[in-house]
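Proteins come first, then strands; the chains are lettered A, B, ... in the order of their sequence lines, and each starts at number 1.
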Amino acid sequence: MHMRARVRGDDPEAASRSPVVIRDRTGTVSAGLGIDHAVVRDEILVASGWVIGASDIRFLDERDKPVQLLSVVTGYFERPDVSAAYDVPVGTAVRGFLAIFKNGQRPATMVTGGGIGETQASILIGPFYQDRPEDLRMLIDTHIERKGFLLQHTLNSKMFTGAITARLTPPPVSYMTAKGHLEQARGVVGVGGLIVGWSICARSAAMLLVDTLGIVTPLSGASRWNRADIVEGFSNTFGSDVQNAGFLQGWHAPLTIGGKVQLVVIDGTNAYIVSECQWSAAPVDPVSFARWSFELPTPLSGFQYRLEHHDGPVLQKLTERKNKAQRDIQSRTLVFGAPPENPLCSIIIPLYGRHDFMLNQLLEFSDDPFISKSCEIIYVVDEPRMLDAVIGESALLAQANQIGFKVVDGVVNRGFSGANNLGVEQAQAPYILLLNSDVIPIEAGWVEKMIQSLEENPKPGIVGARLLYANGSLQHDGMECWWSDTWGAYLNKHPASGLEPSAPETRAVPRMSVTGACMLVHRDTYAAIGGFFDGYLIGDFEDSDMCFKVRDMNLDVVCRQDVSLVHLERQSFNRIGGGSFRDLIARYNAWLHTGRWGHAIAAYQNNSTILGLT
Amino acid sequence: MKILVIAHGHPDFSVGGAELAAYNLFAALKAKPHVDEAYFLARTDMTSINNGAITMRRSGEYLWRQDMSNWFKLRANNVQSVHTVFREFLLAKRPDVIFMHHYVLMGVEIMREIRQTLPDCKLLLTLHEYAAICNRNGQMVKNKSNRLCYRESIQDCHSCFPEISPEDFWLRRHYVQRHFEAADGFVSPSQFLLERYVDWGIPRDRIWVIENGQPTFDPVPRVQSQTNKSARVGYFGQITEYKGVDVLLNAVHLMQPEARAKLSLEIHAAKLETQGSWLVELIDKLRLPLIAEGTLRWVGPYERSELHRRMSKVDWVVVPSIWWENSPMVIQEAFACGRPVICSNIGGMAEKVRNGVDGLHFEARNALDLAEVLTRVVNEPQLADELSANTSQPLTYSECADAYLALVA
């Protein structure tokens, strides 16, 4: 027997918010539906109410199609107040419900379950959709016992989450499902930050971080490490759950310094605040930030994941910010001696760490007629504290070597890419030769040869040079990439480095990439690719990055083996597995580089294998 | 022809072998008929002269207050003065030829300055020790271990000075060599030093040997001993840790008593007190017993004018240096006096003294070997006369000047 007592919107009664109660002939209540709240915040709709008689309820849209629920409290809960109000006979169930929807799928009607022998009732939900600020609070108050459920399913809504967590309390002393402590929350406004602490949680419960605005980050994705102190303190209580209690979690949402962040556990229908702390300021300089965050001892095997999800995005944003600010800082150019009027090539040399290499470089430059007559030498001071020494020395060196050159005062430390980019901005010549200060020419004529290679090439991109160590062995003859399983990234290598240099070819040799310690590029090309990418920390990969940018323009990268300069670098090898700060920085850079060019490297290696180049 | 001689010191203030060689070259050149003008410019550290200034010492002789602040790169302290005051001096004198003695204390930069300011001027650099090659006081003796060094390399130099990288040694060598390239040629007072510089990088066709000149004077007859000593051996010179006086004293201790009783050792030396206390203590410990027993006479410093008289009273001159030496002046002086020389068998000493002809060699740094040589000379008193007869008069100042002029003719 189906008795439908549906009330449609055109019925005057429909506008009311009265419940629907169906009685049988004896006047006894057999079915009923009532809605107490239907609160919409952000993209979430939470409806709560009660049902008499039926085993379940369904929500239908305007066309009587079922509406997808996000969740509904299973089993429902008792509503003695409704039983009393409608004098529901013993044996007829009266249950409350709490249902959660995506707001885009607002149900139009609610219908009691259509089981055999059940009286069906339906009610229009529309009239209950409310928009009073206090409704949210009232809804939460009503369901405070179900706060865990409510929170669990409204995490996408800041308003719900914020309002619910505001009502949360610490767990009772006897609570043994979860423990934790927030030790630091350090961030930069407009960028993000990291939250650090420890937590232990039984599998039945879940932990998350919530701030006062209701922004939620689940702790399930945190990078973790084992903490001996926690193992020692809690293994009696928590067993194996105490492993890997230490965590760090990136925060990529807005934050305010001084604002609160809370560690919350959701345990079934319950939820508690386990710990809380305040945001404090993190270093805004990316390297300083890394110096702090890389100290957090997550396992190296998970470093890549950690960069991907936690520190990486923060460091990238900090770097972008810093570089943007630095680009706006005015530089100043000083001229010593009389540089050539219409130079053919500008030689850009950043100075960082030490400047006494100028003594040797300028000696050699002055003995090279092409350089002294046709090249504009630009030193870029990338370390403010050495400025006076450089300027003092420059006047003497211009005299001693009777050579003209420029010194650009960058005012701040801009790093390898920033300093080079600044130098190129000042350059007047069509060709740009990027040179490290510790690269010393040993014979005249090398710049002409490199320019010749660029001019001869139908697809002129970058020309590199052969570099030797001080002991005469090969340092650089072009670069290759190799894949490191340990790092999960491509690394640069210098084939045959440390060995006797091979007999040089007198033509330009194609290479995947060449070192930025000495590379020639046309100024238009440099401008077209936007110069060096300045996202790497401290300096690494900029050169191969630039080569791939040039390759993207379908231009060639070649190396001149019959041009030898001495690069006063110490021979190094890639230390895989090290955990020093420099190693972690290198891992960061490798991660960034592989993210940008991994596909291009793979394609190149594929191609060159086919062509037999490797 | 106008000639300028540049030296790192003026013998009026600093009586070293190199300073004397330079000054006497200048003096001898002045007397040559083809030389219209000769000038002498000596570096000084006299504080009465303003830093960087050039002033007249006497007509034709000038002092330049200069110093070397960077001993690693052999760089002048007052570089500004090189390109201003020194340049003006060059332009005022406009010499056709410059004979430059040594580069220390002045800095290697002046060679490029000369080349740039006077492109047609001939520049010859006379080398005096190994400062350009070796950072260990130019001695080519290993740091700390004091072992003899046979050849520089950036890695070996780094081993001597671990705080300085091989790359920095590369920079040093290239910096110095680039400046050396400004010179037209080089003069070495010994073949040994020449070979070392050729190994290091000076092209063989741009370097020649010319002995340092010596004054000419009447032969000094040997004054016979008034004692029962059968051999009188004299040491003349400074005492530094490289001079081997401790080896000499040790050797005397190692002689058999009966042989030692026939030996008279005289040490004519200055400057012991200015040396490190460890050396003073060592020498004291060795010399006091020998003085007490009458074997050793500690004579003390001498003026150059007294040297020949002093040498007349010894049978042998001993040069026991533990480093290579270049062309020790005392060997030339001994030969000028007709005295045979007992010396270490290395470097400039071994080259200048022919073993068994005009002197005797002993194994450098080996006191036992020197003890045997000393025992031989007390047991064979006639040997001094025999070898003395073979000594030849060294090059005179005038002959030396002629050799220099021949290189620029």
Side-chain angles (χ1 to χ4, degrees), chain A residues 336-338 349 351 353-369 371-372 389-404 436-444 446 467-473 475-476 498 517 564-572, chain B residues 52 66 68-88 90 106-119 151-159 162-183 201:
Chain A
F336 296 91
I349 309 164
L351 292 172
R354 54 189 278 191
H355 61 273
D356 61 321
F357 295 123
M358 292 173 79
L359 258 71
N360 285 75
Q361 276 189 333
L362 288 169
L363 256 183
E364 304 294 336
F365 292 161
S366 69
D367 282 350
D368 188 325
I371 295 182
S372 52
V390 170
I391 289 175
E393 192 75 282
S394 293
L396 296 175
L397 291 175
Q399 277 270 1
N401 298 297
Q402 306 202 330
I403 191 166
N436 279 12
S437 64
D438 61 350
V439 173
I440 318 284
I442 44 179
E443 56 192 6
W446 57 284
L467 302 181
L468 306 175
Y469 286 116
N471 68 5
S473 62
Q475 192 259 327
H476 168 269
S564 290
L565 297 92
V566 168
H567 191 186
L568 296 170
E569 202 177 54
R570 208 60 80 78
Q571 198 171 338
S572 63
Chain B
Q66 183 57 284
M68 217 162 70
S69 58
N70 186 339
W71 277 89
F72 186 68
K73 280 202 171 148
L74 305 176
R75 232 189 144 198
N77 176 35
N78 194 332
V79 180
Q80 191 68 55
S81 161
V82 174
H83 307 305
T84 52
V85 174
F86 179 68
R87 179 179 298 175
E88 283 157 20
L90 292 176
M106 301 180 287
V108 292
E109 292 82 7
I110 61 176
M111 290 185 274
R112 273 172 68 91
E113 176 57 37
I114 291 168
R115 183 50 58 238
Q116 286 165 355
T117 303
L118 301 174
R151 187 176 187 142
E152 63 79 44
S153 82
I154 58 172
Q155 195 58 52
D156 290 313
C157 292
H158 169 64
S159 300
E163 70 281 9
I164 302 173
S165 71
E167 290 72 25
D168 278 310
F169 277 107
W170 188 93
L171 287 168
R172 175 190 206 266
R173 187 171 69 198
H174 277 253
Y175 188 76
V176 175
Q177 285 182 346
R178 269 276 180 254
H179 286 91
F180 271 37
E181 283 172 14

Region of [X] that comes under 4.5 Å of a non-hydrogen atom in chain A:
| X | answer |
| --- | --- |
| B/Gln80 | both |
| B/Ile154 | side chain |
| B/Ser165 | both |

Portion of [X] that has a non-hydrogen atom of chain B nearer than 4.5 angstrom:
| X | answer |
| --- | --- |
| A/Asn401 | both |
| A/Glu393 | side chain |
| A/Leu397 | side chain |

Do [X] and [Y] have side chains that approach each other closer than 4.5 Å (heavy atoms only, starting at C-beta)?
| X | Y | answer |
| --- | --- | --- |
| A/Leu363 | B/Glu181 | no |
| A/Ile440 | B/His174 | no |
| A/Val566 | B/Glu167 | no |
| A/Asn471 | B/Gln155 | no |

Checklist line | Residue pair B/Arg112 / A/Ser366: nearest heavy atoms and the distance that separates them | finding: NH2-OG, 2.8 Å
Item checked: Over all atoms of both residues, closest heavy-atom pair of A/Asn360 and B/Tyr175 -> ND2-N, 3.5 Å
Next item on the list: List in chain and number order the residues that pass salt bridge (charged side-chain N to carboxylate O under 4.0 Å, His left out) with B/Arg115, two or more places apart in sequence or in another chain; answer none if no residue qualifies.
Entry: B/Asp184
Checklist line | Partner chain A: residue of B/Val79, B/Thr84, B/Leu171 with the largest heavy-atom pair count (under 4.5 Å) | finding: B/Leu171
Notebook entry, point to check: chain A: which of B/Gln116, B/Glu113, B/Arg173, B/Lys73 shares the most heavy-atom pairs with it under 4.5 Å?
Noted result: B/Gln116
Notebook entry, point to check: Hey, are A/Asp356 and B/Arg75 close enough for a salt bridge, meaning a charged N less than 4.0 Å from a carboxylate O?
Noted result: no
Checklist line | Test side-chain contact (heavy atoms from CB on, under 4.5 Å) applied to A/Leu359 and B/Arg178, step by step | finding: CA-CA 11 Å; A/Leu359 258 71; B/Arg178 269 276 180 254; over 6 Å; no
Notebook entry, point to check: Once you round to the nearest 0.5 Å, how far does CG of B/Asp168 lie from CG of A/Leu568?
Noted result: 8.0 Å
